[in-house]
Amino acid sequence: IDIFKSEFIKNFNLFEKRIDFSYDKDLIFKLNIIKDVVDEVEDDITEISEEDALKADKKSKLGDTLSLPIDFETLDRKAIKDIEDSFTDRVKNIHMEMIYQEYKNKENSIIFGTFLRSVRNSAIIDLKNAEGVMPYYEQSPRDFLRQGDKLKCYIKSVKYENGKLLILLSRADINFVKKLFENEVPE
């Protein structure tokens, strides 16, 4: 919603109060531009003549403001591409934020994962909708991991910086053993 508004504001040099955005229950959105009804049009983006205003709304009169639908065909190719890119970036950020919150809530707990590969002595673990990193110093010296191995890991920390999600896993942390005992041994 904000993406479309900001692109129109940028492309037509409008103030935010000149753009009206609405959508119905079927999520079909409408973007309207607010125009002043004037005698003589000096700026066709923000003003409309009285006779054109009467065609759009029979009750309009000189000095009124009208909310008229914006024709998306008035946008050039670059503006449409900017809107698409902004929308894609916003969706990716929202998705990463949701994943971050999910794993942040699981911090300091045990999770199941699948070993994918090793990068510079760090194990990359698939956690279904994210990947975790287990540095060599957080790996058990007894582990010899092969691609596809299932393993339990302790989520040591979760960070989200500059659009990157880092889930630090461990199998050598003392809390890993504590959590295993808590889960396995009844009291």
Treating Ile, Leu, Val, Met, Phe, Trp and Tyr as nodes and any side-chain heavy-atom pair under 4.5 angstrom as an edge, say whether I111 and L165 lie in one connected cluster. yes
Where the side chain of D149 meets the backbone of R146, is there a donor-acceptor pair that is under 3.5 Å apart? yes
Start with the C-alpha gap between E102 and K106, add the side-chain angles, then the distance that decides, and say whether salt bridge (charged side-chain N to carboxylate O under 4.0 Å, His left out) holds. CA-CA 7 Å; E102 176 186 343; K106 294 179 182 179; 3.5 Å; yes
Evaluate Y154 against N108 for side-chain contact (heavy atoms from CB on, under 4.5 Å), listing each step before the verdict. CA-CA 6 Å; Y154 175 75; N108 301 319; 3.0 Å; yes
Hey, is R117 close enough to E131 for a salt bridge, meaning N to O under 4.0 Å? yes
Could you walk me through whether L166 and V158 satisfy the side-chain contact (heavy atoms from CB on, under 4.5 Å) test, starting with their C-alpha distance in whole Å, then the side-chain angles of each, then the deciding distance to 0.1 Å, before giving a yes or no? CA-CA 6 Å; L166 176 65; V158 180; over 6 Å; no
Check for me, please, whether V38 and I34 land in the same ILVMFWY cluster - side-chain distances under 4.5 Å, paths through other members count. no
Tell me whether K104 at atom NZ has more than 12 heavy atoms from other residues, nucleotides or ligands lying less than 6.0 Å away. yes
Do side-chain atoms of D64 reach the backbone of K61 as a donor and acceptor pair under 3.5 angstrom? yes
The test is salt bridge (charged side-chain N to carboxylate O under 4.0 Å, His left out); show your working for R171 and E138 and say whether it passes. CA-CA 6 Å; R171 286 179 55 86; E138 294 292 349; over 6 Å; no
Which heavy atom in L127 sits nearest to a heavy atom in G132, and how many Å separate them? CD1-N, 3.9 Å
Rounded to the nearest 0.5 Å, what separation is found between the CZ atom of F176 and the SG atom of C153? 6.5 Å
About how many Å separate OG1 of T65 and CG of D36, when rounded to the nearest 0.5 Å? 6.5 Å
Atom OG of S60 and atom CD of E51: how far apart are they, to the nearest 0.5 Å? 11.0 Å
Contact summary for I124 and V119, nearest pair of heavy atoms: CG1-CG2, 4.0 Å
Donor-acceptor side-chain pairing of T114 and K150 below 3.5 angstrom: yes
On a heavy-atom basis, which atom in L68 and which in A56 lie closest, and how many Å separate them? CD2-CB, 3.7 Å
Given the rule in the side-chain contact (heavy atoms from CB on, under 4.5 Å) test, do V133 and I167 qualify, once you have shown the distances and angles that lead to the verdict? CA-CA 6 Å; V133 177; I167 303 171; over 6 Å; no
Do you know the tightest heavy-atom contact between N121 and Q139? O-NE2, 3.2 Å
With a 4.0 Å cut-off, would you call K55 and D52 a salt bridge? yes
Got a second to check how far Q147's CD is from D126's CG, nearest 0.5 Å? 10.5 Å
Thinking salt bridges, do K164 and E161 make one under a 4.0 Å N-O criterion? no
Is it the case that one hydrophobic cluster holds both V41 and I48, taking links as side-chain heavy atoms less than 4.5 Å apart, direct or via other members? no
Do L180 and K152 pass the side-chain contact (heavy atoms from CB on, under 4.5 Å) test, and can you show the C-alpha distance, the side-chain angles, and the key distance before you say yes or no? CA-CA 9 Å; L180 280 176; K152 290 181 182 181; 3.8 Å; yes
Kindly indicate whether the side chain of M134, heavy atoms from C-beta on, has any atom under 4.5 Å from the side chain of S122. no
Partner residues of E50 under the salt bridge (charged side-chain N to carboxylate O under 4.0 Å, His left out) criterion, sequence neighbours left out: none
Closest heavy-atom contact between K179 and I110? CB-CG1, 3.5 Å
Are Y160 and Y103 in one and the same hydrophobic cluster, where Ile, Leu, Val, Met, Phe, Trp and Tyr link if side-chain heavy atoms are under 4.5 Å apart? yes
Nearest 0.5 Å, what's the CD1-CG distance between I94 and D89? 11.0 Å
Do L169 and L145 share a hydrophobic cluster, counting only Ile, Leu, Val, Met, Phe, Trp and Tyr and linking them when any side-chain heavy atoms are less than 4.5 Å apart? yes
When rounded to the nearest 0.5 angstrom, what is the spacing between CD1 in I155 and CG in N175? 13.0 Å
